[in-house]
Amino acid sequence: MIDLQLLRHSPDVVRASQRARGDDESVVDQVLDLDSRRRAAQTEFEQLRAEQKQVGKQVAQASGAQKDAVLARAKELSAQVKAREAEAAALAGELDELLMTIGNVIVDGVPAGGEEDYVVLKTVGTPQDLVAELGRDPRDHLELGEGLGAIDTERGAKVSGARFYYLTGIGARLELALLNAAMDTAIAHGFTPMITPTLVKPEVMRGTGFLGKHSDEVYHLPTDDLYLVGTSEVALAGYHEGEIVDLSNGPLRYAGWSACYRREAGSYGKDTRGIIRVHQFHKVEMFVYTTPEDAEAEHARLLAAEEEMLAKVELPYRVIDTAAGDLGSSAARKYDCEAWLPSQQRYLELTSTSNTTTFQARRLGIRERTENGTRVVATLNGTMATTRWIVAILENHQQPDGSVRVPEALRPYLGGLEVLAPASP
RNA sequence: GGAGACGUCGCAUAGUCAGGUCUAGUGCGCGGCCCUGCUAAGGCCGUGAGGGGGGCAACCUCCUCCGUGGGUUCAAAUCCCACCGUCUCCGCCA
């Protein structure tokens, strides 16, 4: 949720942000109108309420005929107060709902436009000439994974349906190794390791901005009214819900390990082969609470940590600055790291780090104490590693015989294993 | 799953049975000032959150919040209902 004060005092800033996102600008004026009506209704209610409290006290003291008169007046006021209160509450609800439809105000410098309008900030490493090296077209991750006895999508589909899979044998070990390495990297950067709930209450899901435009991406359990998280970001943001946090010793940094669930409702027919786009995967996610002033600098730190992890697994990648129209509703800026995918001759998103400024924290009521009272903090998140990384690791490090070289940084997590060899027939 | 107890301002607790002087008291903690040669001890004052209105501002004023949401009532921390959570005991499953 954006800051109503900001919208009141600088509506043009919000309008410009809406324009860059390709969203409706007119909601700004609708909000301003609703807001002034709400305040008028509230003032009216409060004045009546104050009078009601005064008269109410007289009821207790009066007696006889006087009491009857006062009581009559009190009853009259009670009815009026109820009506005005309902009116003010209805307007407040309407205002809140409308305010929720507005995406976070983008940071200056975010490219305008849609999905295709990202800006490449840098490219690191060069894709190997695998055709020359292998003497054939590179195998894709599924062919490699099946050859290694590492990935089983057929049985995943048999047991759970499309977009489910088993990681088997060395595949399971590889994921554990990758995520442990990711967690250790995060710890080295000062993050506190966390294993988080994957089912959360509606208020937390809503507070983190996942029940807006893309709510059909989220699994819901109606019997218990709980949501399955698509990232531990949700649980890590909810961790300090309603709290006044202490940032005097620097930002609060958490690294969450969790399963992630996504319905992939809008992606029928896209990335259907293998484990690129699946309903369930695992992820180590960084999450930070910091001051609004420090948010942009912290965003750069998150990106640097992600790049360090990509370097550890020796993948060629590029960093893009996502365009405004492709940002989630809570992000004010988002950088993605995309690794080269040899089988498809394209880049594939492996990490995503968002600066959500005060958007999530405002909705979740997360503040810090300052000399002049309290204020809403800023939150940020970023991917350390996910199951999907296996795709890029297998493909980029494949060898002519279908084996896969293990990046050096992962070897300690695999008992020193240097090569993933195909299962013997 | 069953029975019981409980949820009050950072922490602890009073208030709930008997609805209105609760504008939620007290202690601890925290902050400021004072006293004392130093220390120990003591005294005084202040100290939750959100929002509306006024003021350049320090500040003033009003409303809301006693786990959450409903209800009863002129009036709810207090009575009623539902839910959530914590604790104790029992049962069941690991």
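Letters go in sequence order (proteins before strands), and every chain restarts at 1.
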Check side-chain contact (heavy atoms from CB on, under 4.5 Å) between A:E296 and all other residues, then give those that pass, not counting sequence neighbours.
A:V107, A:N355

Which whole number of Å gives the distance between the P atom of B:rC81 and that of B:rC17?
14 Å

5'-most contact on RNA chain B (nearest-nucleotide basis), A:Q5 vs A:L71, goes to A:Q5

pair_partner(B:rC74), Watson-Crick or wobble, both distances < 3.5 Å, evaluates to B:rG20

In whole angstrom, give me the gap between the C1' atoms of B:rG2 and B:rC66.
30 Å

Between B:rA14 and B:rA75, how far is it from one C1' atom to the other, in whole Å?
23 Å

Residues passing the side-chain contact (heavy atoms from CB on, under 4.5 Å) test with A:E97, sequence neighbours excluded, are none

Residues forming a salt bridge (Lys or Arg N to Asp or Glu O under 4.0 Å) with A:E368, sequence neighbours excluded
A:R375

Let me confirm one number: the SG-OH distance from A:C260 to A:Y219, rounded to the nearest 0.5 Å.
12.5 Å

What residues, two or more places apart in sequence or in another chain, satisfy salt bridge (Lys or Arg N to Asp or Glu O under 4.0 Å) together with A:E115?
none

Need the pair for B:rG1. Rule: Watson-Crick or G-U wobble, both distances under 3.5 Å, any strand; none if unpaired.
B:rC90

Check ion pair A:R333-A:D321 (N to O, under 4.0 angstrom):
yes

Outermost contacting nts on RNA chain B, any atom under 4.0 Å from chain A heavy atoms, listed 5' then 3', are B:rG20 to B:rC84

Suppose we screen for ring pair (Phe, Tyr, Trp, His ring centres under 6.0 Å). Which residues come up paired with A:H240, at least two apart in sequence or across chains?
A:Y254, A:Y289

List in numerical order all residues of residues 72-80 of chain A for which some heavy atom is under 4.0 Å away from an atom belonging to RNA chain B.
A:A74, A:K75, A:S78

Assess whether a salt bridge exists between A:R363 and A:E203, defined as any Lys/Arg side-chain N lying under 4.0 Å from an Asp/Glu carboxylate O.
no

For B:rC63 and B:rA76, measure between their P atoms and round to the nearest Å.
14 Å

Checking base pairs now: Watson-Crick or wobble, both atom distances under 3.5 Å. What partners B:rG69?
B:rC81

B:rC30 pairs with, by Watson-Crick or G-U criteria that keep both distances under 3.5 Å
B:rG46

Counterpart residues, salt bridge (Lys or Arg N to Asp or Glu O under 4.0 Å), relative to A:E25 (two or more places apart)
A:R19

Distance between the C1' atoms of B:rU78 and B:rG71, in whole angstroms?
15 Å

Who does B:rC9 pair with, Watson-Crick or G-U, both distances under 3.5 Å?
none

Sorted by position of nearest nucleotide on RNA chain B, 5' first, the leading residue of A:R369 and A:G56 is A:G56

Report the base-pairing partner of B:rA41 (Watson-Crick or G-U wobble, both distances below 3.5 angstrom), or none.
none

Would you classify A:R84 as touching base, sugar-phosphate or nothing, given that sugar-phosphate means primed atoms plus P, OP1 and OP2, and contacts are heavy atoms under 4.0 Å?
nothing

In terms of side-chain geometry, is the basic nitrogen of A:R367 or A:E243 positioned less than 4.0 Å from the acidic oxygen of its partner?
no

Give one of base, sugar-phosphate or nothing for A:R37, where a contact means two heavy atoms less than 4.0 Å apart.
nothing

Run the side-chain contact (heavy atoms from CB on, under 4.5 Å) test against A:D140 and tell me which residues pass, sequence neighbours left out.
A:L142, A:E143, A:R273, A:S343, A:E395

Taking atom P in both B:rG25 and B:rG20, compute the distance separating them and give it to the nearest angstrom.
16 Å

Going by the rule salt bridge (Lys or Arg N to Asp or Glu O under 4.0 Å), which residues pair with A:D12 if we only count those two or more places apart in sequence or in a different chain?
A:R15

side-chain contact (heavy atoms from CB on, under 4.5 Å) partners for A:R163, two or more places apart:
A:E264, A:S267, A:T272, A:R277, A:H279

C1' spacing across the pair B:rG43 / B:rG85, given as an integer number of angstrom:
43 Å

What residues 40-52 of chain A contributes to the RNA chain B interface at heavy-atom separation below 4.0 Å is A:Q42, A:T43, A:F45, A:E46, A:R49, A:A50, A:Q52

Using the P atom in both, what is the distance from B:rC65 to B:rU21, to the nearest Å?
15 Å

Pairing nucleotide - B:rC35, Watson-Crick or G-U, each distance under 3.5 Å:
none

